[in-house]
There are 2 protein chains.
Amino acid sequence: MLKKPKTKPEMLYAGIQMTRPLLRTISNRVEADLEGTDLTVGQRAVLEAALALEQATAPQLTDFLQLKRQFVAKVLKELLDKEQVEQMSNPRHKRSVFYCLTPSGKALIKKVRKAEMKRIEEFAKVFSEEEVETYYRMQCVLNDALSKRS
Amino acid sequence: MLKKPKTKPEMLYAGIQMTRPLLRTISNRVEADLEGTDLTVGQRAVLEAALALEQATAPQLTDFLQLKRQFVAKVLKELLDKEQVEQMSNPRHKRSVFYCLTPSGKALIKKVRKAEMKRIEEFAKVFSEEEVETYYRMQCVLNDALSKRS
DNA sequence: CCTATATTGTCAATAAAATTGACAAATACT
DNA sequence: AGTATTTGTCAATTTTATTGACAATATAGG
């Protein structure tokens, strides 16, 4: 972080290390956008997942978010109370129902995304398409590789 | 995460979003390397900063880590108790002393880094030098830009 | 069909990381 | 010198997430 690492592995190491402070700065920013929405970060993550998956059981959301099922369940319950997600019966499973965004939940997460997208666009300008593409791909590969057993 | 985003800003957005799960998977991995060292993640971060800065006051470490001074102070006290950092008088400031790694602290953080570097080298192989360079640079720029006011 | 095993839901306790508040001591500024 | 800022310290709290435990349901093998 102070001086630029010399070798390729060192640079990757430093980049990964930076994930922690970066997450903190991102979270701080995100909070501003969450201000007034009455959403926690966990709720926001689950809404994000529900938007991406459209229709998913709790275990599917758990896989997607790579969190513990108990945590996801707790957040889902909060979102049900707020009527931002709703349950739909699952023909294949009596207990494990589907969760979907309600219209208001969908509107909410889209609003939050839109506000953030506006900010992100500022930064996107700074980088080339290839750079962003590389960044995205590396995040995916790292996340995939690290989350699987080695 | 599910389907590849279409536009550049969307891809950057998705990549940044991925920071959270990625940090979680990294933390899980890191814990394995911390196993047996009796270090918390916070302690490890401060050791890492102390190694990079060589000699620094608590406020300097706070700036470097972008954490609250009270948190850094707490961790520093833990590390002092464990004799992994030591204080040195600061001629310019009576209260705000310098913190340095003790030999054992230095050995410890270097050992942890070495173990992780070994793993990282595996991943570094997967990417080209340019990709890693881009990743690193973007992490730096994003962190810088986001941590400053906008 | 029946039993063993795995999955899922639910409730509770706990932990880790970090923030916030409050106040005193030291320093910097003018 | 006097005021504002920085720094250290102690305590409480918050947020995020994990872990443990147990019951209900599903799945797979015999």
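Residue numbers begin at 1 in each chain, while the letters A, B, ... track the order of the sequences. Note that the structure is a prediction, hence the values are computed from the model and not measured.
Each of B/Lys77 and B/Arg95 was assigned the nucleotide of DNA chain D with the nearest heavy atom; the assignment lying further toward the 5' end belongs to B/Arg95. Residue-to-nucleotide proximity on DNA chain D shows that, of A/Arg92 and A/Lys74, the 5′-proximal contact is made by A/Lys74. Each of A/Ala73 and A/Arg24 was assigned the nucleotide of DNA chain C with the nearest heavy atom; the assignment lying further toward the 5' end belongs to A/Ala73.
Whole-Å rounding puts the A/Glu78 CD to C/dT10 P distance at 14 Å. Look at CD1 on B/Ile26: it is 15 Å from P on C/dA17, rounded to the nearest Å. In this structure, the CD atom of B/Gln66 is 12 Å from the P atom of C/dA18, given to the nearest Å. Atom CZ in A/Arg44 sits about 16 Å away from atom C1' in D/dT15, given to the nearest Å. In this entry the distance linking NE2 of B/His93 with P of C/dC29 reads 11 Å, nearest Å. Atom CG of B/Asn90 is separated from atom P of C/dT27 by 9 Å (rounded to the nearest Å). The CZ-P distance, from A/Phe98 to C/dT8, rounds to 12 Å in whole Å. Distance B/Arg69 CZ to D/dT9 C1': 9 Å, rounded to the nearest Å.
Among C/dG9, C/dC11, D/dA17, the nucleotide with an atom closest to any side-chain atom of A/Gln70 is C/dC11. For A/Val41, the side-chain atoms get nearest to D/dT16 when compared with the rest of D/dT16, C/dA17, C/dA18.
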Quick one: do B/Glu54 and B/Lys106 satisfy salt bridge (charged side-chain N to carboxylate O under 4.0 Å, His left out)? Show the steps, please. CA-CA 10 Å; B/Glu54 292 184 21; B/Lys106 196 163 187 172; over 6 Å; no
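For C/dT27, neither phosphate oxygen OP1 nor OP2 lies less than 4.0 angstrom from any side-chain nitrogen or oxygen of B/Ser96.
Salt bridge status for B/Arg137 with A/Glu131: present, with a side-chain N to carboxylate O gap under 4.0 Å.
The only option from A/Glu48, A/Lys82, A/Gln84 that meets the side chain to side chain donor-acceptor pair (under 3.5 Å) definition with A/Gln43 turns out to be A/Lys82.
Among the protein residues, B/Thr40 comes within range of the sugar-phosphate backbone only, with heavy atoms under 4.0 Å from sugar or phosphate atoms but none that close to a base. B/Lys68 comes within 4.0 angstrom of a nucleotide base, judged by non-hydrogen atoms across all strands.
Using modelled atom types and a 3.5 Å distance limit, the side chains of B/Arg20 and A/Ser27 yield a donor-acceptor pair.
A distance of 13.0 Å separates CG of A/Asn90 from CZ of A/Arg95, quoted to the nearest 0.5 Å.
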